[in-house]
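In what follows, a single structure is set out as structure tokens and then discussed.
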Amino acid sequence: PRIATSLITRCANDGDWRRAEEVFFATEAVGVEHNTYTYSALINAYARGRQLGHALELFRRMKAAGVTANVVTYSTLITACEKTGQWERALETFAVMTEAGVVANLTTFNSLISACEKGAQWEQALEVHTWMLRQGLVPDVYTFSALISACEKGGQWELALQLYKRMQDAGVEANVVTYSALISACAKGGQPAKAEIVFDLMRAKGVEPNTTTYNAMICAWDKGGRLDRALVALSEMQAARLQPDTITYSSLISACEKAGELQMALRLFAQMMDQGVPANSITYSSLLEVAGASGEQEKAVQIYDWAFSAGLYAN
RNA sequence: UGAAAUAAUAACCCCGU
């Protein structure tokens, strides 16, 4: 079973859930007796492959075979629910786990909060947070980052900032993910000035912004109608030797719409192509919107052709 | 070298409020 677990885990990490499954059944056919570890490993492979149905089916098979599900098994199942956007199922799984007398740990709760966050259930995420406190568990940076992200998705930027304060009071050190989530929360709330304060604060704390951080900041300037500041952020990012990606350019192009800057949008697109950054359907849609907002029909048709040539079809 | 390693970023549309 140990060798089977290693092999299954390797397949899971490669994102190949079919091979993981093959290994599981092939080893079983050869007489390997699967246990909690092997079952959990395959459930994890299914989770990573977004195969919730298979994961739940295997879980039933596991119980039928008399193999004990432990905290890792349940946490992995919760992660499978999270990855497929099934927050209700995640909560159900948690309830089943509790009924079975299995005690949740920090990872279990963090996964559950993440499931609520992905399902845009910020209130539920905060509720789960109170459950974990009641269990005497100490929230870590993952907990707070997931909670802040949940607030971001729920449009609760003030709450996100409050959570950051609570995090500091608790002595939990915020990292680049936490700060990026905070900036994103401010961006979504239409608070670019607040986002900038957070951005400056993180640097003052010695946390280096990465591409995601800059992208969130550029999004904030876009939402605030500040193309000028978004462009400044791009040059800062390049000065920091961070490679702008598809999201960076798509956000910048989007920021050109409100400013009616089709020329700038086209320049950014050219720069993007020049640097070998792949454009996707969102990039082209954004570009089309800029052209549309500028009333440039011929240009819009041309952009549509570019997208088509790039193998992207209208949706 | 047996299992969960759990957290962050883009446009539009839709849906609700």
Side-chain angles (χ1 to χ4, degrees), chain A residues 1-10 12-13 20 34-48 55 67 69-80 82-83 90 104-115 117-118 120 125 139-153 155 160 174-185 187-188 195 209-220 222-223 230 244-258 265 279-290 292-293 314-315:
Chain A
R2 290 184 179 228
I3 295 167
T5 304
S6 292
L7 291 171
I8 292 166
T9 302
R10 182 166 291 239
N13 293 337
H34 288 312
N35 58 21
T36 307
Y37 287 79
T38 44
Y39 271 101
S40 300
L42 184 55
I43 290 173
N44 177 41
Y46 286 142
R48 297 187 62 134
V67 177
N70 66 11
V71 64
V72 174
T73 318
Y74 283 105
S75 300
T76 309
L77 267 178
I78 289 170
T79 298
E82 176 251 314
K83 296 241 188 291
N105 63 22
L106 188 58
T107 301
T108 316
F109 281 108
N110 287 347
S111 302
L112 200 52
I113 289 171
S114 180
E117 174 250 316
K118 294 285 192 307
D140 63 3
V141 65
Y142 283 78
T143 317
F144 282 108
S145 300
L147 285 171
I148 288 169
S149 181
C151 291
E152 173 256 310
K153 292 197 172 51
N175 62 22
V176 65
V177 175
T178 321
Y179 284 112
S180 300
L182 273 173
I183 291 168
S184 185
K188 204 145 280 173
N210 62 20
T211 299
T212 299
T213 320
Y214 275 102
N215 287 351
M217 199 57 231
I218 288 169
C219 172
D222 168 31
K223 293 268 194 315
D245 62 12
T246 306
I247 294 179
T248 316
Y249 282 110
S250 299
S251 302
L252 285 162
I253 289 169
S254 168
C256 292
E257 188 188 337
K258 292 184 194 72
N280 62 18
S281 59
I282 296 180
T283 318
Y284 286 106
S285 301
S286 303
L287 206 49
L288 274 171
E289 278 159 32
V290 187
N315 54 22

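Labels below follow one simple rule: chain letters A, B, ... track the order of the sequence lines, proteins then strands, and each chain is numbered from 1. Please read all numbers here as calculations on a predicted model, not as lab measurements.
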inquiry  = Rounded to whole Å, how long is the line connecting atom OH of Tyr39(A) with atom P of rA3(B)?
reply    = 18 Å
query = With a non-hydrogen cut-off below 4.0 angstrom, is Ser75(A) in contact with a base, only sugar-phosphate, or nothing?
reply = base
ask   = Would you say rA3(B) has OP1 or OP2 under 4.0 Å from some side-chain N or O of Asn44(A)?
value = no
ask   = Would you find a donor on one side and an acceptor on the other, under 3.5 Å apart, between the side chain of Lys258(A) and the backbone of Asp222(A)?
value = yes
task = Grab the CD1-P distance between Ile78(A) and rA7(B) for me, whole Å please.
result = 13 Å
message = Could you work out, with salt bridge (charged side-chain N to carboxylate O under 4.0 Å, His left out) as the rule, every residue matching Glu257(A), not counting sequence neighbours?
response = none
note = Whole-Å distance, Asp245(A) CG to rA11(B) P, equals 14 Å
task = Check the distance between rA11(B)'s C1' and Asn280(A)'s CG and give it to me in whole angstrom.
result = 10 Å
key: Tyr214(A) OH to rA10(B) P, straight-line distance once rounded to whole Å   = 18 Å
query = Quick one: Lys83(A) NZ to rA7(B) P, roughly how many Å, whole number?
reply = 5 Å
remark   = A correct 5'-to-3' footprint of nucleotides 12-17 of chain B, with B, S and - meaning base, sugar-phosphate only and no protein heavy atom under 4.0 Å, is S-----
note = note: Asp222(A), atom CG; rA10(B), atom C1'; distance rounded to Å ~ 8 Å
